[in-house]
There are 2 protein chains.
Amino acid sequence: MPPPDHSNVVSITHLRQTCRSCSLRELCLPLGLDNDDMQKLEDIVHSRGPIRPGEHLFREGDSFHALYAVKTGALKTYTIDNQGREHVLGFHLGGELVGLDGIHSGHNRCNAVALQNATVCAVPFSRLEQLSREVPGLQAQILRVMSREISASAQLATEHSADERLAGFLLSLSRRFRRRGLVANLITLPMPRRDIASHLRLATETVSRLFARFQEEGLVAVRRRDVEILDLPALEKLGEALDLDGDGRSRRSPQTR
Amino acid sequence: MPPPDHSNVVSITHLRQTCRSCSLRELCLPLGLDNDDMQKLEDIVHSRGPIRPGEHLFREGDSFHALYAVKTGALKTYTIDNQGREHVLGFHLGGELVGLDGIHSGHNRCNAVALQNATVCAVPFSRLEQLSREVPGLQAQILRVMSREISASAQLATEHSADERLAGFLLSLSRRFRRRGLVANLITLPMPRRDIASHLRLATETVSRLFARFQEEGLVAVRRRDVEILDLPALEKLGEALDLDGDGRSRRSPQTR
DNA sequence: CGAGTACTTGACCCAGATCAAGCCATGTGG
DNA sequence: CCACATGGCTTGATCTGGGTCAAGTACTCG
């Protein structure tokens, strides 16, 4: 483990003082920016107070004017198709962006609703576009984030068995928990089974049965929304056919070819 | 129908002269750019000679340095998972971009192979990034294209019956043919059944049977790779649950809400 | 403590997969 | 010009992963 990075701690404290309501440091957007550029970014965003579970951040068809960075809590995005069926497109944890799919049409293409109490930063898109012209690192990061989202949703669209999909999903959550500094093998699911099922194109009952089977096989210990990963290698063996984070982690490293 | 735009025709001719090998005008990227900016874009791209069917444009793991705009012909992108199964991620016709998913990791995340004889423009990514800082319209267009790709692949990842998926796929192809100035109801499929099946998470046999049923029901006339759409409204009724182009065409218009 | 919601478990069913021929273009060599 | 191979496509028979339907059970929150 590397030694604690005190310079980092100090600047976080500093930023907390200049912008109490919204430290961007943990978010995906400013990755690779220096403090100066960070400040410019902070100047254009504004924090949006607590969103209660079930409360919507935006709805499909709303005119698009901002991206949202999740600070705390969790959201899901979904659409309702013309038969009235709900499709869960994704889940958004702390540090992740919501709303990228609205850029193209100028209208939000999905609904975003809080699963738990959540706080977000609104990033006005026109100002982000403008700023990203001045700050090359920001432009590059936006493109990376969007590219990653493309990989990830293309992966989700591929054909895999139910257990591969659930295993891949748990691994993805685990990695995202770790990125936020939480214990990677102790997940508290922010969403009900029904939403997991919809996201993975399964029936709620199938998700329930798979959790039971994974537990039986000693892969995980499940109790309601708490999932402990017991046998990571076995879970990875199942789930590595997918790469739900779009980051290539599950593949043999390309540069070693 | 609007009167023909002669100024446009003239400038296409002009550009053909200055850059015989690769007119970007029909490609998706320069939409909304003026002639001056277009020229700057043309200056950084370079044409890449004919790619024969089965020949690869790039492979998974190759280091990423350019996007590719398809000029003529058609490509497919696919991955091979760790079980050796092929997954077709998408098809790319004239005027469409390939390779956006490689930006994030600096390596191509999929394989791209020609389905027919194809010609492409290579757009060196670092120069595109640089140019898009100078030309705001270009930056905006890149973001729109990527956003649209996110919507589209999220849609493909949703759960729909086999006939909804195939209908949605045919409609998507039809629209893309029309955008290229071809007859929208007369499609020549550039890919074999196997690839359509893989892309839509179906078995080849199911695709074949669905074509037979669609024909029986008078929706289409199919003969080998030639598909004529006979009953567009009926096909749309089936396929509009999906929105494989990510452009919201199939939804009740958001601004009328 | 009662009502509602999330979750689980069992029995049965079906859309679409798999297996197995056969068909039909196109190409190739004799 | 014709065997006959080859690969894409179709069609039929059968099978099965996961869906649906139907009870329960267990938290959670007034």
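Reminder, nothing fancy here: chain letters follow the sequence lines and each chain counts from 1.
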Can you list every pair that meets side-chain hydrogen bond (donor to acceptor under 3.5 Å, both in side chains) and has a residue in residues 188-201 of chain A, with sequence neighbours left out? Lys76(A)-Asp195(A), Thr188(A)-Asp226(A)
List in chain and number order the residues that pass side chain to side chain contact (heavy atoms under 4.5 Å, CB included) with Arg148(A), two or more places apart in sequence or in another chain; answer none if no residue qualifies. Arg179(A), Asp245(A), Asp247(A), His104(B)
Rounded to the nearest Å, what distance is computed from the CG atom of residue Leu210(B) to the C1' atom of nucleotide dA15(C)? 11 Å
Between the opening five pairs and the closing five pairs of the helix from dC1(C)-dG30(D) to dG30(C)-dC1(D), how far apart are the helix axes, to 10°? 40°
Nearest-Å distance for atom pair CG/P, residues Asp163(A) and dG19(D): 12 Å
With sequence neighbours left out, write down each residue that passes side chain to side chain contact (heavy atoms under 4.5 Å, CB included) with Glu205(B), or none if nothing qualifies. Ala203(B), Arg209(B)
Atom-pair distance (CG on Asp226(B); C1' on dC9(D)), nearest Å: 14 Å
Considering residues at least two apart in sequence or located in another chain, which fulfil the side chain to side chain contact (heavy atoms under 4.5 Å, CB included) criterion with Ala212(B)? none
Does Thr206(A) have a side-chain nitrogen or oxygen under 4.0 Å from the phosphate oxygens OP1 or OP2 of dG19(D)? yes
Checking all strands, does Arg201(B) fall into the base, sugar-phosphate, or nothing category for heavy-atom contacts under 4.0 angstrom? sugar-phosphate
So the side-chain hydrogen bond (donor to acceptor under 3.5 Å, both in side chains) pairs with at least one residue in residues 213-225 of chain A (sequence neighbours excluded) are Asp163(A)-Arg213(A), Arg213(A)-Glu217(A)
Are Glu164(B) and Arg85(A) close enough for a salt bridge, meaning some N to O gap below 4.0 Å? yes
Here the distance between atom C1' of dT10(D) and atom CZ of Phe214(B), to the nearest Å, is 16 Å
Nearest whole angstrom, please: distance from the P of dG7(D) to the CG of Asp195(B). 15 Å
Listed pairs, N/O of protein and of nucleotides 6-8 of chain C, under 3.5 Å:
{"unit_1": "dA6(C)", "atom_1": "OP1", "unit_2": "Arg194(A)", "atom_2": "NH2", "d": "3.3"}
{"unit_1": "dC7(C)", "atom_1": "OP1", "unit_2": "Arg225(A)", "atom_2": "NE", "d": "2.9"}
{"unit_1": "dC7(C)", "atom_1": "OP2", "unit_2": "Arg193(A)", "atom_2": "N", "d": "2.7"}
{"unit_1": "dT8(C)", "atom_1": "OP1", "unit_2": "Arg193(A)", "atom_2": "NH2", "d": "3.3"}
{"unit_1": "dT8(C)", "atom_1": "OP2", "unit_2": "Arg193(A)", "atom_2": "NE", "d": "2.9"}
{"unit_1": "dT8(C)", "atom_1": "OP2", "unit_2": "Ser208(A)", "atom_2": "OG", "d": "2.6"}
{"unit_1": "dT8(C)", "atom_1": "O5'", "unit_2": "Ser208(A)", "atom_2": "OG", "d": "3.0"}

For Leu166(B) and dA17(C), what is the distance between atoms CG and P respectively, to the nearest whole Å? 12 Å
How long is the line joining CD of Glu159(B) and C1' of dG17(D), in whole Å? 13 Å
Between dC9(D) (C1') and Gln215(B) (CD): distance, integer Å: 13 Å
Under 4.0 Å, heavy atoms only, any strand: does Ala203(A) hit a base, just the sugar-phosphate, or nothing? base
Scan His92(A), Glu60(A), His87(A) and name whichever one has a side-chain hydrogen bond (donor to acceptor under 3.5 Å, both in side chains) with Thr77(A). His92(A)
Tell me, please, which residues at least two apart from Tyr78(B) pass ring-ring contact (aromatic ring centres under 6.0 Å, His included). His56(B)
Check ring-ring contact (aromatic ring centres under 6.0 Å, His included) between Phe177(B) and all other residues, then give those that pass, not counting sequence neighbours. none
